[in-house]
Engineer: 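Next up is a structure, given as structure tokens.
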Amino acid sequence: MSDELKVPIMADLMAEGKKPEVLFWVGSAGSFDDRAKKITKAFVKILNKAEVDFAVLGTEESCTGDVAKRAGNEFLFQMQALMNIEVLNAYGVKKIVTCDPHSFNCLKNEYPELGGNYDVVHHTQFIQELIKSGRLKLKGNLYKGKRITFHDPCYLGRANNEYNAPREILKSTNASIVEMNRHKRNALCCGAGGAQMFKEPEKGDKDINVLRTEDALQTNPNIIATGCPYCNTMMTDGVKAKEKESEISVLDIAELIANSEEL
Amino acid sequence: MNYLPNIIFAILLIFGIGYFTKNVKKLIRNIKLGQDVDVSNNKKERFKNMMRIAFGQSKMVRRPIAGMLHAIVYVGFIVINIEVLEIIIDGLLGTHRAFSGIGVTYGVLIGIFEILAILVLVSVTLFWIRRNVIKIRRFWNKEMTSWPKNDANYILYFEMVLMTLFLIMNATDVAFQSMNNGNVISQFIAPWFSNLPEATLHIVERSAWWLHIVGILIFLNYLYFSKHLHILLAFPNTYYGSLKPKGQFNNLESVTKEVKLMMDPNADPFAAPADDTNDEMPAKFGASDVQDLNWVQLLNAYTCTECGRCTSSCPANLTGKKLSPRKIMMDTRDRLEEVGKNIDANKGEFKDDGKQLLGDYITHEELWACTTCNACVEECPVSINPLSIILDMRRYLVMEQSAAPTELNNMMSNIENNGAPWPYNQMDRLNWKNE
């Protein structure tokens, strides 16, 4: 295990007159949710390993407002967005990376109309770029021979057409990647999107995350890989509902890489 | 008296096309009841989308069996319509097979029509079997009762009859059969009629001819009342379809104005509204009825073919929840039709009928079941966006009525107070670093 995480804070760098290459937008889930915090840390380990010049906003970060917008509260969304944009613009942020496809979509597509123009990438795109450019060299063989299936997050896949970056990264772990019947643009939602994460589902025959987990189980995986903190929670719950948690782990792409490189 | 058939034909044609035009005008008026939205940008990309998706059927073939059968019926429809041109000329001028003078080419053309006609017959029959015998699930959802179910079958019967009439018309046309050119299918049907006296044969041929053209005129006028309207509207609908990433939900500028005012430290909270805003209509946030939706959303509703691909891929619907994106579109169209009839009955003015789209057609439960995953949008073969209607109605529920589920209200007040959907302090945002 490596030493402590290096997590530079934007305000500190600014005080030193420095400007980082990229801002890491941690997001509310990544900051507060116990499971998602592990993803945040795994990603920071990767950033440290690749010696990426980054910073976080820390206590200056606030909710993107994404979930309020999906719930129909455009007022709350715009208030959050305008406040965040003020902070981001004050720091002259150019490039943002985030582990949450919902923040990614919102910052990338919905902030520009309110005056926030940034080059926003999802962490899977960022990691793929690090691998491609040689800044991150993968040597680990932890997942060789393991069966991994990737669950496409709606807000990365269908919403923004990114299907390859996570798969390319998975390929470089030497695992064997198995696709679910419903994948890429036909992928089934995990059930958490559109503010569903924060409420009980409407009445039905079963929960969406259970159905999605059944999709995943059909591929006989050792690992279900995700690229979204909400998908991660939903799939973890689904695996528990199917009492398979001792055989199958649900891991974010960042965690897979951090684990296999023993970061 | 010799001109009687020509006169009758002309009257039928004028009446058929006239009534259709009248309904098209009504259609356009109804669509224009929607809010204005600027879709005049990127003409080139829009045209490309239309050619690819509507003309080229690129999204239909994602489900290969239905896609292939549909492509046959579609090509058949377009190509065989060239024959209708000849029928119209013959009907008006009293000629018989006006184009036959072009020789071998005519035979080739009619040969193609005949082959397509038989392929269309087979495809339409298979469609009927899929619907009524195999009972494919998406054709039997809750919303597919009475009219929607019958409408689909009527269309199939119509096409069966029209194609059969076309082939009978050719098979009983003695002159055409003796040309022995282009009768690739009808030559096998001709023997069925070989025992009939020549006069009867002629009557059969004329009857098939008349029924064929009358059938086409009836079908044309049936469109307005049917999901079959998609054969026309798929083109504008794909042209005006969204060019933005699917995750990008539209920005409400009316809200931006207010939020900016709220956040402006220099704004005087007690100031009277500026003069230029006085005569503006009071803004309504979100949509509770069809007039609050924009005209592209209303065009979407008229374009919907009720194929149910959206519903069959909707995660909420797949897990037994009440939401069906197809029903959202059907409800929108039904309500819009109702509003249109109300306007017609009240001399061009809408009189409040105590109903609206929200509540009377679409329930809160349906709206809150949506995960905004875009599966329905991705699936639609003609670029319909049920999600945008769901979102606009959620906006109305939240911003006008504060009618969100309690848990969502909690989530939203957490964001307001702590800058996170959970009740944690913003000052703790970096705690993960040292945990």
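So that the names make sense, note that chain A is the first sequence line, chain B the second, and so on, each numbered from 1.
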Engineer: Given a strict heavy-atom distance threshold of 4.5 Å, which part of E200(A) is in contact with chain B: side chain, backbone, both, or neither?
Structural biologist: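 Both the backbone and the side chain of E200(A) come within 4.5 Å of chain B.
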Engineer: Under 3.5 Å, side chain of K242(A) to main-chain N/O of D237(A), donor-acceptor pair present?
Structural biologist: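 Between the backbone of D237(A) and the side chain of K242(A) there is no qualifying donor-acceptor contact (under 3.5 Å).
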Engineer: At a 4.5 Å cut-off on heavy atoms, which part of V210(A) comes close to chain B: side chain, backbone, both, or neither?
Structural biologist: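 It is neither, since no heavy atom gets under 4.5 Å.
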Engineer: Please identify, among L430(B), L367(B), V255(B), the residue contributing the most non-hydrogen atom pairs under 4.5 Å to chain A.
Structural biologist: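 Heavy-atom pairs under 4.5 Å are most numerous for V255(B).
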Engineer: Could you look at N84(A) and say if it's the side chain, the backbone, both or neither that has a heavy atom under 4.5 Å from chain B?
Structural biologist: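 It is neither, since no heavy atom gets under 4.5 Å.
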Engineer: In terms of heavy-atom pairs under 4.5 Å, which option from L391(B), N434(B), V398(B) contacts chain A the most?
Structural biologist: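 Of L391(B), N434(B), V398(B), V398(B) has the most heavy-atom pairs under 4.5 Å with chain A.
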Engineer: So what's closer than 4.5 Å to chain B heavy atoms on L82(A): side chain, backbone, both or neither?
Structural biologist: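 For L82(A), the contact with chain B is made by backbone and side chain together.
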Engineer: For G191(A), does its backbone N or O pair with a side-chain atom of Q196(A) as donor and acceptor, under 3.5 Å?
Structural biologist: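 The answer is no, because no donor-acceptor pair under 3.5 Å joins these two groups.
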Engineer: Is there a donor-acceptor pair closer than 3.5 Å between any side-chain N or O of E255(A) and the backbone N or O of K41(A)?
Structural biologist: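 Such a contact is absent between E255(A) side chain and K41(A) backbone.
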Engineer: Would you mind telling me which of R70(A), M79(A), M83(A) has the largest number of heavy-atom pairs within less than 4.5 Å of chain B?
Structural biologist: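 With the most close heavy-atom pairs to chain B, the winner is R70(A).
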Engineer: Side chain, backbone, both or neither: which part of M411(B) has a non-hydrogen atom closer than 4.5 Å to chain A?
Structural biologist: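 Contact with chain A: side chain only.
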Engineer: Which bit of F198(A) is near chain B, if near means a heavy-atom gap under 4.5 Å: side chain, backbone, both or neither?
Structural biologist: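 Interface part for F198(A): both.
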Engineer: By a 4.5 Å heavy-atom criterion (distance strictly below it), what part of I208(A) contacts chain B: side chain, backbone, both, or neither?
Structural biologist: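 Both backbone and side chain.
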Engineer: Is it the backbone or the side chain of N73(A) that comes under 4.5 Å from a heavy atom of chain B, or both, or neither?
Structural biologist: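 Both backbone and side chain of N73(A) come within 4.5 Å of chain B.
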Engineer: Where on R182(A) is there a heavy atom nearer than 4.5 Å to chain B: the side chain, the backbone, both, or neither?
Structural biologist: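 Contact with chain B: side chain only.
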Engineer: Does any backbone or side-chain atom of Q80(A) lie under 4.5 Å from a heavy atom of chain B? Answer side chain, backbone, both or neither.
Structural biologist: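 Just its side chain gets close to chain B.
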Engineer: Is chain B contacted by the side chain of Y230(A), its backbone, both, or neither, given a heavy-atom distance below 4.5 Å?
Structural biologist: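 For Y230(A), the side chain is the part near chain B, not the backbone.
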Engineer: A quick test of your reading: do over 12 heavy atoms of other residues, nucleotides or ligands sit less than 6.0 Å from CG of N41(B)?
Structural biologist: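 Yes.
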Engineer: Measure distances from A192(A) to the heavy atoms of chain B and classify the residue's part below 4.5 Å as side chain, backbone, both or neither.
Structural biologist: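 For A192(A), no heavy atom lies under 4.5 Å from chain B.
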Engineer: Check for a donor-acceptor pair, side chain of D289(B) on one end and backbone N or O of Q291(B) on the other, with a separation under 3.5 Å.
Structural biologist: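 Flag not set: sc D289(B) to bb Q291(B) has no pair under 3.5 Å.
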Engineer: Under 4.5 Å from any heavy atom of chain B, what part of L57(A) do you find: side chain, backbone, both or neither?
Structural biologist: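 Neither part.
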Engineer: Take a 6.0 Å sphere around CD of E86(A) and say whether it holds more than 12 heavy atoms from other residues, nucleotides or ligands.
Structural biologist: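 Not buried by this count: 12 neighbours or fewer within 6.0 Å.
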